[in-house]
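First up is the structure itself, then whatever we jot down about it.
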Amino acid sequence: MRTRLLPSALAAILLGALAPAGGDALALPPETDSWIRVETAHFTLYSNASERRTADLGRRLERFRAVLSLFYKKFRIDPPAPTLIYVFKHDASFRPYRTLYHDRFVEAAGVFVGGPDGSYIAMNGDPGTDPLDIIYHEYVHQFLNNNLHGIPPWFNEGLAECYSTFQADDKSASIGKTPTEHVLFLRENNLISLRHLFAITHDSPDYNEGTRRGIFYAQSWALVHYFMWDKAERRSQLGAFLDRLSSGQDPDQAFTASFATTYEKLETELRAHVGGTRFLFNAVKFSDLHVDTSTRVSPMKREETLARLGDLVVHVQPDRPWEAEKHYREALRFNPTYASAFTGLAVLDEKAERYDEAVALFEKALAIEPDHPMTCFYFGRCLARRNAAQGVAVGRDEIPPDVARARDLLGRSIRLRPGLAEAYVEFGRTYFGSGGDLAPAIQHLETARQMLPARVDVLAGLAMLHARKGDLARARDLVENGLARMNDREALEAARHALQAEEAWRARTSLRAAPESSSGEETDVDDAGEVPPEGTTVNVYNLWVEKYNKAVARANQRDYKGAIDILEALSGEVTDPDLLGQINTLLQTLKRDAARRQKGPNPTGP
């Protein structure tokens, strides 16, 4: 997450200053505060600022969204989950709801946190501040990440910086205006070589450390601005370069094939761009876009205000669940039958893996408001997770009660809110280790794939379901011609292992079903198609494969610990040498990847 302070300071592109959490984090909003809900065409804002200020911020976001939609017509502009915006009337009101780093509040005008269940934006709405530059920046990240996988950090940050200077009035908008501090900074510091810039990852020191990160941000802006605004021919070359990188091509080969020049020559062009006196930008007339800037305003009751702020704490301060709980319980004190407060408490229990307690609270929420789409979604997800946590393997044709009800609730959530992509994903996941007709699961994951084209776990899960259905050709096509182009080695290896396990299972099942030879003797089988060892039935082997597939699904969700735990337990059960070999190979891969990710980027990174 990226925060911004003063545009003239180096801290404008680094982490903000820190302030003690102190007593601010313990105080609930005063009862004298009046909160309103402002709904625009694509956003919902909750605010204790003035109606005029809140509506103005909402209209500015609508204009930004409309202009961003022009970037590439094939991209989905709207996120696959709701965008909820919290506008606080001044800094003191906003302080308890900022992000924390080492138990200290990060000083920033705005916060943006994205998640599968929604995007949460919080900002200081004081008329003397303008928090939207950081919000514009983060909104571009969300837009790109929803549409592309494996985006190079320099392009992700560079484009976000180009759009962060967005300005608009009632008639027109400008995109790509120059942040003066970047130009001055680059003129006073040496540029990073382009070969090195293109190799920087989120784990690199240049992305995370002090002045080096400042150079990275500024040069990324300069390069993207040059490609998109200074040289028309470079813009199409940039698109070809990104396509080649996303398909897994070597960066050096992709550069040569796309730009038809050398790193050194392009660096010379970039230095000339930074040292120049003319920086172009685009102007857009809103008369050509037909932006809907209408607003609908309604007052919020105390219990709704508290529950909504509790939701914000859950997402912005995930390590402080007690603060969110306090908001929900105070909401219930005001209104003992407020369903959203019960749902909030249930989500906290689910996150803590107290599934039985969570289910009891979800039941209360559902009894009060049976058709709330988010309650249905969270409840269905919780039941699926409780079933998985029990660790009871079932056959391919069995449907545990929790799974059956989870599918019903997730299906209801989809009917009530068709735009919630994660509900389709969770529905499909309930078929990874349980029985039932696979056609609805495949259909739902195909829908999720359209809504979440950058999600490798969706594509990997879809391949797994096609394999289980018996369409191995389709599964291989999704893996080798889809997943392989998303430049995610970990997901690709896990999916290939899953396909191998499925193929092995089908070979053994076929051998068990094969008729005896005409002589009455059993058919000989070579080592590659060895029948499960004596005493091991096909059903037992099936259960091993189902557990293995659950581990693969966890790995594709980046839950490496969960996947490793399943595989380590399974390695002590399995006696089939081929399957055991696959388990151990995947275990080694996941442990290596988990260790690498634990090092991770500096926590002050964007």
Side-chain (Ser204) to main-chain (Asp206) donor-acceptor, under 3.5 angstrom
no
Check: Arg308 main-chain N/O paired with Tyr86 side-chain donor or acceptor under 3.5 Å
yes
Which atom names give the shortest non-hydrogen contact between Ala367 and Pro370, and what distance separates them?
O-CD, 4.4 Å
Is it the case that the side chains of Asp477 and His466 hold a donor-acceptor pair, with the cut-off being a distance below 3.5 Å and no angle test?
no
Let's go through Phe216 and Trp154 carefully: what are the C-alpha distance in whole Å and the side-chain angles of both, what is the deciding distance for ring-ring contact (aromatic ring centres under 6.0 Å, His included) to 0.1 Å, and is it a yes or a no?
CA-CA 7 Å; Phe216 169 76; Trp154 66 267; 9.1 Å; no
I'd like to know if the side chain of Arg455 and the backbone of Arg449 have a donor-acceptor N/O pair within less than 3.5 Å.
no
Is there a donor-acceptor contact under 3.5 Å linking the side chains of Asp311 and Tyr328?
yes
So how far is it from Leu465 CG to Glu446 CD, rounded to the nearest 0.5 Å?
10.0 Å
Using the test side-chain contact (heavy atoms from CB on, under 4.5 Å), find all partners of Glu363 that sit at least two apart in sequence or belong to another chain.
Val359, Phe379, Arg405
Between Ile414 and His444, is any pair of side-chain heavy atoms under 4.5 Å apart?
yes
For Tyr207 and Glu157, test the side chains for any donor-to-acceptor distance below 3.5 angstrom and give the result as yes or no.
yes
Is the Lys NZ or Arg CZ of Arg381 less than 6.0 Å from the centre of Phe427's six-membered ring, within 45° of the axis?
no
Nearest heavy-atom approach of Ala81 to Leu420 is CB-CD1, 4.1 Å
Gln317 side chain vs Pro96 backbone, donor-acceptor pair below 3.5 Å:
yes
Which distance, rounded to the nearest 0.5 Å, do you find between the OH of Tyr378 and the CD of Glu350?
9.0 Å
Taking side chain as C-beta onward, heavy atoms only, is Met486 less than 4.5 Å from Leu492?
no
If the condition is side-chain contact (heavy atoms from CB on, under 4.5 Å), which residues does Leu416 pass it with, not counting sequence neighbours?
Asp371, Pro373, Cys376, Arg412
Steps toward ring-ring contact (aromatic ring centres under 6.0 Å, His included) verdict (Phe75, Phe143):
CA-CA 8 Å; Phe75 282 2; Phe143 170 69; 5.8 Å; yes
Between Thr343 and Thr375, does any side-chain donor sit less than 3.5 Å from a side-chain acceptor?
yes
Any carboxylate oxygen within less than 4.0 angstrom of a Lys/Arg side-chain nitrogen, looking at Arg496 and Glu493?
no
In short, Gly461 meets Leu445 closest at the heavy-atom pair C-CD1, 3.7 Å
